[in-house]
Amino acid sequence: MLEYIKTILVKVSFDQFLFEKELRKSFTLLVQEELNELKHWCYIQFATLHAPVLNQVFAKAEA
C-alpha cells in the first residue's frame, strides 16, 4: 500500500489541494512504521514544493 500511495502522491503533486488530500488519506491506510517511512520519503521528494503542507499534515499526525 505504501508504494501505491507514493505513486498517487507523485501524480497529484502538481496540485497542492490534491496533494494534501491524498496525503491525509494515507494516514487511514498505513500503519505507523509505514507512515514514518512515508514522512521521510515525502520530505526528500517534495520539501521544496510542498513544505508547508508536509509540516502541517505531519505535525497534526504526531499530535
Side-chain angles (χ1 to χ4, degrees):
M1 187 56 77
L2 179 58
E3 292 305 315
Y4 172 74
I5 290 170
K6 288 179 181 180
T7 301
I8 297 299
L9 290 174
V10 168
K11 289 183 179 187
V12 300
S13 64
F14 69 93
D15 184 306
Q16 184 173 344
F17 175 76
L18 286 174
F19 182 82
E20 182 175 351
K21 179 182 171 186
E22 292 299 329
L23 184 59
R24 289 183 186 280
K25 191 187 308 182
S26 71
F27 283 80
T28 64
L29 302 171
L30 300 175
V31 296
Q32 188 61 46
E33 184 178 313
E34 291 172 320
L35 286 172
N36 292 338
E37 187 177 333
L38 179 65
K39 178 180 179 180
H40 179 72
W41 178 83
C42 281
Y43 275 100
I44 290 171
Q45 295 294 319
F46 304 113
T48 58
L49 188 60
H50 295 301
V53 171
L54 295 173
N55 292 337
Q56 180 182 20
V57 170
F58 285 112
K60 285 184 180 179
E62 292 174 356

key: Residues forming a side-chain contact (heavy atoms from CB on, under 4.5 Å) with N36, sequence neighbours excluded   = Q32
message = Between F58 and L23, is there a side-chain heavy-atom distance shorter than 4.5 Å?
response = yes
query = Which atoms form the tightest heavy-atom contact between F19 and S13, and what is the distance?
reply = CD1-CA, 4.0 Å
note = Quick note, side chain to side chain donor-acceptor pair (under 3.5 Å) partners involving residues 48-57, not counting sequence neighbours, are Y43-N55
Give the table of side-chain donor-acceptor pairs shorter than 3.5 Å for residues 2-12, with sequence neighbours excluded, one pair per line with atom names and distance.
| unit_1 | atom_1 | unit_2 | atom_2 | d |
| --- | --- | --- | --- | --- |
| E3 | OE2 | K6 | NZ | 3.4 |
| T7 | OG1 | E3 | O | 3.0 |

Interatomic spacing from NZ in K25 to CD in E20 - rounded to 0.5 Å = 13.0 Å
note = Residue pairs passing the salt bridge (Lys or Arg N to Asp or Glu O under 4.0 Å) test with at least one member in residues 43-56, sequence neighbours excluded, are none
ask   = Can you tell me how far CD of E22 sits from CZ of F17, rounded to the nearest 0.5 angstrom?
value = 10.0 Å
task = Is it possible for you to say whether M1 and F27 belong to one hydrophobic cluster, with membership spreading through side-chain heavy-atom contacts below 4.5 Å?
result = yes
task = Enter the distance from S26:OG to L38:CG here, rounded to the nearest 0.5 Å.
result = 5.0 Å
message = Once side-chain contact (heavy atoms from CB on, under 4.5 Å) is applied, do any residues pair with E33, and if so which ones, sequence neighbours excluded?
response = none
inquiry  = Under the salt bridge (Lys or Arg N to Asp or Glu O under 4.0 Å) definition, can you give me all pairs with a residue in residues 47-57, not counting sequence neighbours?
reply    = none
inquiry  = More than 12 heavy atoms of other residues, nucleotides or ligands under 6.0 Å from CZ of F14: yes or no?
reply    = yes
inquiry  = Once rounded to the nearest 0.5 Å, what's the spacing between atom CG of D15 and atom NZ of K21?
reply    = 10.0 Å
